[in-house]
A.B. asks: 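My questions will all concern the structure given below.
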Amino acid sequence: MRFVQFIETSQNEYLWVLETQNMGYAFVWNAHRLENVYWGAKLPYPADYLPRELPFDPLGNWNFARNTHEEFPAWGDYKFNEPCLKVRFGDGVRACLLDYRDATISENGAVTTLTIHLQDEHYPLRVRLIYNIYADYDLIVRRAEIENVGGEAVEIEQILSAAWHLPQRDAYQLTSLSGKWGGEFQLQRVELPRGKQIIERRRGSTGFDSNPFFALADGLAQEDDGEVWFGALAFSGNYKIVIERDAFEHVNVSGGIHDFDFRWRLDAGETFVTPNFVAGYTAAGYGAASRALHAYELEHVVPRATARQPRPIVYNSWYVTEFDVSLENQEKAAELAAKMGVELFVMDDGWFGQRNTDRAGLGDWYVNRDKFPSGLAPLINRVNELGMEFGIWVEPEMVNPDSDLYRAHPDWVYHFPNRPLSTGRNQYVLNVARPDVQQFILDFMHDLLGNNNIKFIKWDMNRHFSEPGWMDAPEGRDRELWVRHTRGVYAIFRQLREAYPNVLFESCSGGGGRIDLGIMQYAEQFWMSDNTDPYDDLFIQEGFTLAHAPLTRMMWVTDTNWLNGRSYSLEFRFHLAMMGVLGMGADITRWSQADLDKAAEFVALYKDIRETMQFGAFYRLRSPRESALSAFEFIHPSGREAVVTVFLSQSQFGYFSTNVRLAGLEPNTRYQVDGWDEPWSGQALMQRGLPIALKGAFISKLIRLARV
Ligand code: GLA
């Protein structure tokens with residue numbers, strides 16, 4: 001099967017058809033512009049994709065307010081939709097007109113790549129639009145490259161990765177993810193109004209209040225049915241995704257690096273490469289959209305070297321000790337954790353500098369000798385003796401004003417002279433756009449990883465950017481910090497991963513702040529939320545999994561929840577935390593032997609089903625937003641096992657009994673349900689459902705099914 005077809009429709013007019021298993025995507029060069037003509041379900045014949053003019057345009061000449069359907073609109077002529085490119089040439093001209101030059105197609109394993117070469121009609125500026133087609137997942141990953149082939153610098157004022165155009169429909173529903181600290185990834189779904197909707201971040205990194213993800217669905221779409229167009233941007237800095245619906249019912253989505261306070265000097269010979277913007281189409285509902293993204297993330301985004309390694313079970317004492325870590329309390333917890341079956345022991349904040357509260361010490365990456373008189377070695381050795389690997393917390397991009405680092409290098413933080421500098425969590429942001437700051441971070445990380453047997457890094461990032469001054473930047477480059485900071489972080493990750501290929505990384509940002517497909521290329525997993533209340537996490541997890549694979553989601557079992565003041569059974573907490581990568585963060589030194597034993601059983605169970613929970617296909621069967629009883633299903637990649645988790649927040653008026661209809665099973669294969677005498681067919685389990693009867697508040701069940 002060919003995934004790209006190139007058709008010459010007439011002289012100087014060409015059509016490209018990109019096809020995946022179920023999706024078709026087509027655009028034309030119509031002698032003036034590169035215009036999208038179709039995106040949706042695959043069509044039977046190439047001619048089905050040809051553009052058709054309206055027999056007549058009722059508005060005639062007065063049709064000037066229509067948005068163009070351009071694949072990559074450059075700003076400068078008579079069109080008004082969100083531009084993907086806005087530049088200023090050396091002579092002051094601010095209009096860019098792109099002409100078609102050539103197209104090339106290449107194959108590389110599962111990916112087919114189409115590159116469209118464009119060039120400004122007059123100025124020496126080249127643009128390459130790159131389409132990577134992932135036929136198995138019905139996804140296209142786009143990016144653009146802008147190359148200055150002239151002798152003079154060009155100023156880039158706006159540069160997005162791609163524009164996507166949706167077919168005309170009566171109405172669309174927009175789904176986006178927005179939240180706050182402790183309440184990340186809340187799903188919101190609204191009817192798309194006319195005008196512009198903007199999903200954006202202008203605080204330096206991706207964060208709680210918005211996630212670079214969108215889904216637009218035909219009004220009738222459900223979890224398991226209906227047309228959904230969706231996408232995610234792979235960038236962890238300032239970004240925007242702009243959704244436009246004009247008065248002619250044209251809907252388009254463009255996204256990439258935010259133009260807010262942004263400028264980029266593209267010197268002669270330089271190329272600017274945008275982040276990837278992945279998008280797809282399905283006729284099988286939101287669930288299928290998520291599974292396409294999950295599969296793509298597992299196969300192509302998460303760090304390759306460890307992509308197929310089962311993730312270890314973590315213990316972390318942050319909620320128990322906070323900054324008060326010591327050799328004694330860490331050892332004590334480690335001994336109990338090891339007995340329980342934990343595989344990786346992580347020491348959180350507080351082990352370095354004068355870090356006794358969050359007001360001091362950040363940036364001073366030497367071991368605090370009051371807490372660890374002989375350094376980290378005794379603790380690491382003990383943890384290793386107990387059969388666990390050791391991990392540690394760092395927050396490399398930040399500094400407390402009360403630190404040796406800040407006293408030595410006040411110029412290393414973003415700031416403006418003559419303006420007060422705000423703190424956030426008592427800290428400043430280091431200017432990671434600067435090569436010397438990057439080198440400082442690399443040096444202390446090499447020191448840490450090169451001299452200690454550390455196998456896991458929790459990389460935190462706990463504040464937003466403000467007063468983003470970079471006064472001694474190279475001329476004309478100070479506003480490049482919004483991109484250079486993120487690129488700097490990525491470059492550090494790349495170098496560390498290369499030097500320490502067996503070290504796992506967890507990205508954290510005050511909980512689930514910086515989570516996106518950009519940082520996912522460098523970090524195996526994300527700390528989903530500082531809120532470990534399992535009932536709240538049901539909701540956070542629903543939003544998280546809309547865009548991100550369970551393999552990337554870390555959650556701990558903790559004690560009484562301090563945010564809502566609620567307590568839960570051990571079972572409810574474990575069942576929730578098991579839906580991804582399992583961790584523990586409770587004060588196990590105070591647990592009864594009975595609870596320790598019970599926890600050890602859950603840990604053993606998790607090890608048994610780990611491949612299914614981490615690498616399986618994930619189905620949201622029932623949403624906690626819609627029912628007191630929510631349910632999820634994981635199917636092992638081989639299909640040999642399924643695990644269903646069911647959570648009841650509270651029963652009312654008697655028992656809560658229902659049939660939870662399963663999904664994704666082979667209809668004619670029989671499955672043995674835990675505790676049943678007779679197996680049922682996949683069809684029966686999907687049509688009739690698993691009968692569930694629960695009573696009480698915060699009750700859960702985990703049910704295993706084995707293929708017969
Ligand atoms: C952030 C993280 C927490 C913890 C603390 C340490 O808030 O989200 O998990 O690591 O920092 O200061």
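For ligands, and for the atoms within them, numbers begin at 1 and follow the listed sequence.
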A.B. asks: Which one holds for Glu322 and ligand 1: side chain close, backbone close, both close, or neither close, with close meaning a heavy atom under 4.0 Å?
C.D. replies: neither
A.B. asks: Do we get Arg202 above Phe260's six-membered ring, with its NZ or CZ under 6.0 Å from the centre and within 45° of the axis?
C.D. replies: yes
A.B. asks: Check for me whether Arg189 meets the cation-pi criterion with Tyr286, that is, NZ or CZ under 6.0 Å from the six-membered ring centre and within 45 degrees of the ring axis.
C.D. replies: yes
A.B. asks: Which heavy atom of the protein is the closest neighbour of atom 11 (O) of ligand 1, given with residue, atom name and distance?
C.D. replies: Asp460 OD2, 3.0 Å
A.B. asks: What is the closest protein heavy atom to atom 10 (O) of ligand 1, and at what distance does it sit?
C.D. replies: Asp348 OD1, 2.7 Å
A.B. asks: Taking all heavy atoms of Trp591 and all of Ala586, pick out the closest pair and write down the distance.
C.D. replies: CZ2-CB, 3.4 Å
A.B. asks: In Å, rounded to the nearest 0.5 Å, how long is the span from CG of Asn400 to CG of Leu362?
C.D. replies: 5.0 Å
A.B. asks: Record the part of Asn462 in heavy-atom contact with ligand 1 below 4.0 Å; permitted values are side chain, backbone, both and neither.
C.D. replies: side chain
A.B. asks: Considering the heavy atoms of Gly511, write down every atom of ligand 1 situated less than 4.0 Å from one of them.
C.D. replies: 8 (O)
A.B. asks: Could you check whether atom CZ of Arg590 has more than 12 heavy atoms from other residues, nucleotides or ligands sitting under 6.0 Å from it?
C.D. replies: no
A.B. asks: So how far is it from Glu184 CD to Ile515 CD1, rounded to the nearest 0.5 Å?
C.D. replies: 7.0 Å
A.B. asks: What's the shortest distance from atom 12 (O) of ligand 1 to any protein heavy atom, and which residue and atom give it?
C.D. replies: Asp349 OD2, 2.6 Å
A.B. asks: Could you list the atoms of ligand 1 found under 4.0 angstrom from a heavy atom of Trp527?
C.D. replies: 8 (O), 9 (O)
A.B. asks: Geometry only, no angles: is Cys508 polar-contacting ligand 1 at N/O separations under 3.5 Å?
C.D. replies: no
A.B. asks: Is it true that the NZ or CZ of Arg553 lies under 6.0 Å from the centre of Phe526's six-membered ring and within 45 degrees of the ring axis?
C.D. replies: no
A.B. asks: If you measure every N/O of Lys458 against every N/O of ligand 1, is any gap under 3.5 Å?
C.D. replies: yes
A.B. asks: Could you identify the single nearest non-hydrogen protein atom to atom 3 (C) of ligand 1 and state the distance to 0.1 Å?
C.D. replies: Asp530 OD1, 3.4 Å
